[in-house]
Amino acid sequence: MALIVQKFGGSSVADATGLARVAERIAATHRAGNQVVAVVSAMGDTTDDLLDLAAQVTPRPPAREMDILLTAGERISMSLLAMAIDARGVPVRSYTGQQAGVLTDTTYGKAQIVKLAPERIVQSLDDGQVAIVAGFQGVNEANDVTTLGRGGSDTTAVALAAALKADVCEIYTDVDGVFTADPRVVSSARRIAEITPEETLELASHGAKILHLRAVEFARRYSVPLHVRSSFSHKEGTWVRQPTKEDPMEEPVIAGIAHDASQGKITVQGVPDRPGVAARLFQVCASVGANVDTIVQNVSVDSQRTDISFTLSTQEAEATMHALRDAQDDLGYQDLIYTEAIGILSLVGAGMRTHTGISSTLFGALYEEGINIHMISTSEIRISVVVDIDELQRAVRAVHSAFDLDASETEAVVYGGTGR
Ligand code: ADP
Ligand code: ASP
Ligand code: MG
């Protein structure tokens, strides 16, 4: 008997038919003699719809109320799913994040799990029931509900799998696994059979929303094997796991390409070129919680002043621009420019450590497409380039072909979802 945590994303439970299909799958896993914990997301685009609704009520909804609102989405799907499983004669109970013992810090909208106390889930399993858990939510020490950030149901699932010492955590979604690029952008993208957690982390943190970043971090830290697969097919998906000596993985040079259209760029012009100014500048960004990514500092021509550009989430741009404007006298810069129309392409592969010529192939492919690069940043296993937003998808397709990642036979299938 295995203990299996299964997570079903919003597109898998978008309507009653989807709920029935998922219920059937969970029931079959249970009937096969396994213990099952199923983590479920809100139906379809419910979370986006709730966000839109709140925006119509007020431009600045209080964060606490926002989290109470958003957690309602997963409560709807968890209870309906439990009803659908019950109707199939399988004993089942659904639990909110709070009931499942998901304890978080107090950062509404982006809470981190600090502890898991899943006694009720363990009890359910001991009683022979399937346990359904609402994803994406927890409770803080003040007993208020919190959410884990967009896409956070993955993290609920992996954290529970780690705490319950599950044999596997299956992430069911609307594509057949992790592909060499987003199948919505590159129809010739290839499914990756096995990928390391570190490569998956780089993809997830650079825009590939197939897995929530913190879910991958949990999986790596607690060695939880992840199987990312479609809830619409029975095909084998992608295994995210650490290779072992006995069972090494065949590692390609390039694992895949991520793209991110949700970042903007701030350029601070005419910054005094002296020690300590960059530190102060980024302190200002940090003070409003901005997560700064790629940073480029120009060589100062007159050696008195320089320009500093950096990327950050468009959602953090307004507050950051505001804080930087307030600090103009202190920082002594001349001008501040914000550009929203940028996109970031990231090429990821552990083989970059040992292979040469990767950057020349990347830059060559973009040059041949006539695509201009605004900024470049690298890690040991990643190269990212900032391009114009209008050229991002074309850039992804060109680089995908340049590295021979295109699948030879079938097109990647997108079974559902709106890509929103
Ligand atoms: P769910 O609702 O199941 O959580 P998401 O929409 O969060 O699903 O994630 C699945 C989507 O991730 C896919 O439909 C696909 O468009 C997108 N995606 C982005 N990059 C990749 C990739 N490299 N491989 C597979 N899917 C990707
Ligand atoms: N429903 C939440 C969202 O749309 C959480 C999730 O789907 O993982 O972001
Ligand atoms: Mg998701």
Side-chain angles (χ1 to χ4, degrees), residues 6-14 18 22 39-52 66-67 69-78 97 109-111 133-138 146-159 170-193 195 199-216 228-232 237-238 240 254-262 345-349 393 396 400 405 407 412-420:
Q6 302 185 322
K7 180 258 166 179
F8 297 91
S11 50
S12 299
V13 291
V22 166
V39 174
V40 69
S41 294
M43 294 170 72
D45 288 334
T46 300
T47 308
D48 289 298
D49 296 342
L50 292 172
L51 283 165
D52 290 349
M66 199 65 195
D67 273 10
L69 175 70
L70 294 186
T71 54
E74 270 71 9
R75 285 182 175 231
I76 294 171
S77 51
M78 78 180 208
K110 234 197 229 176
V133 178
F136 172 61
Q137 55 179 270
T146 51
T147 62
L148 309 181
R150 297 306 307 271
S153 297
D154 297 340
T155 298
T156 307
V158 182
E170 297 181 331
I171 306 284
Y172 285 93
T173 184
D174 53 15
V175 288
D176 281 314
V178 181
F179 282 71
T180 47
D182 186 343
R184 286 179 206 271
V185 172
V186 183
S187 55
S188 57
R190 199 188 297 162
R191 182 182 60 84
I192 303 168
I195 186 169
E199 287 168 316
T200 315
L201 270 181
E202 289 280 6
L203 290 172
S205 58
H206 291 87
K209 72 166 184 161
I210 180 78
L211 281 169
H212 196 230
L213 177 60
R214 292 228 308 286
V216 189
V228 183
R229 57 194 308 192
S230 169
S231 69
F232 298 79
T238 298
V240 180
I254 299 299
I257 300 167
H259 71 279
D260 191 349
S262 68
L345 176 155
S346 298
L347 184 68
V348 173
Q393 298 204 354
V396 173
H400 196 265
L405 296 174
V413 184
V414 178
Y415 296 91
T418 54
R420 199 174 160 189

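Remember, it's 1-based here, ligands and their atoms both numbered in the order they're listed.
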Can you tell me if [X] has a non-hydrogen atom under 4.0 Å from ligand 1?
| X | answer |
| --- | --- |
| Gly10 | yes |
| Val175 | yes |
| Ser231 | no |
| Gly256 | no |

Please state which protein non-hydrogen atom is closest to [atom] and give its distance, to 0.1 Å?
| atom | value |
| --- | --- |
| atom 23 (N) of ligand 1 | Phe179 O, 3.0 Å |
| atom 4 (O) of ligand 2 | Arg150 NH2, 2.9 Å |
| atom 3 (O) of ligand 1 | Thr173 OG1, 2.7 Å |
| atom 14 (O) of ligand 1 | Asp174 OD1, 2.7 Å |

For atom 27 (C) of ligand 1, the option (of Val185, Val178, Ile171, Ile210) bearing the nearest heavy atom = Ile210
Side chain to side chain contact (heavy atoms under 4.5 Å, CB included) with Arg191: of Val228, Thr180, Val175, Thr238, only one passes, and it is Thr238
Closest approach of [X] to [Y] (non-hydrogen atoms, all atoms of both residues):
| X | Y | result |
| --- | --- | --- |
| Gly416 | Ser11 | C-CB, 4.3 Å |
| Thr173 | Ser12 | O-OG, 3.8 Å |
| Ser77 | Ser41 | OG-O, 2.7 Å |

Flag Thr47 as yes when one of its N or O atoms lies below 3.5 Å from any N or O atom of ligand 2, and as no otherwise.
->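 Yes, at least one N or O pair falls under 3.5 Å.
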Is the closest N or O pair between Glu74 and ligand 2 shorter than 3.5 Å?
-> yes
Quick one, [X] and [Y] - any side-chain contact, counting heavy atoms below 4.5 Å?
| X | Y | answer |
| --- | --- | --- |
| Arg150 | Asp48 | yes |
| His259 | Ser346 | no |
| Met78 | Val40 | yes |
| Met66 | Leu51 | yes |
| Arg229 | Tyr172 | yes |

Near Gly177, which atoms of ligand 1 are under 4.0 Å from a heavy atom of that residue?
->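 Those atoms are 24 (N), 25 (C).
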Close approach of Gly152 to ligand 2, heavy atoms, under 4.0 angstrom | yes
Say whether Gly151 and ligand 2 are in contact under the criterion: heavy-atom distance to a ligand atom below 4.0 Å.
-> yes
Under 4.0 Å from ligand 1, counting heavy atoms only, is it the side chain of [X], its backbone, both or neither?
| X | value |
| --- | --- |
| Lys209 | both |
| Pro183 | side chain |
| Lys7 | side chain |
| Asp182 | both |

Side chain, backbone, both or neither: which part of Ser41 has a heavy atom under 4.0 Å from ligand 2?
-> side chain
Answer with side chain, backbone, both or neither: which part of His212 has a heavy atom less than 4.0 angstrom from an atom of ligand 2?
-> neither
Can you establish whether the number of heavy atoms outside Arg184 located under 6.0 Å from its atom CZ is more than 12?
->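 It does: Arg184 CZ has more than 12 such atoms within range.
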Tell me yes or no: between the side chains of Asp67 and Thr147, is some donor less than 3.5 Å from an acceptor?
->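 Asp67 vs Thr147: donor-acceptor pair found between side chains.
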Is Lys209 salt-bridged to Asp154, cutoff N-O under 4.0 Å?
->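 Here Lys209 does not pair with Asp154 in a salt bridge, since their nearest N and O are not under 4.0 Å apart.
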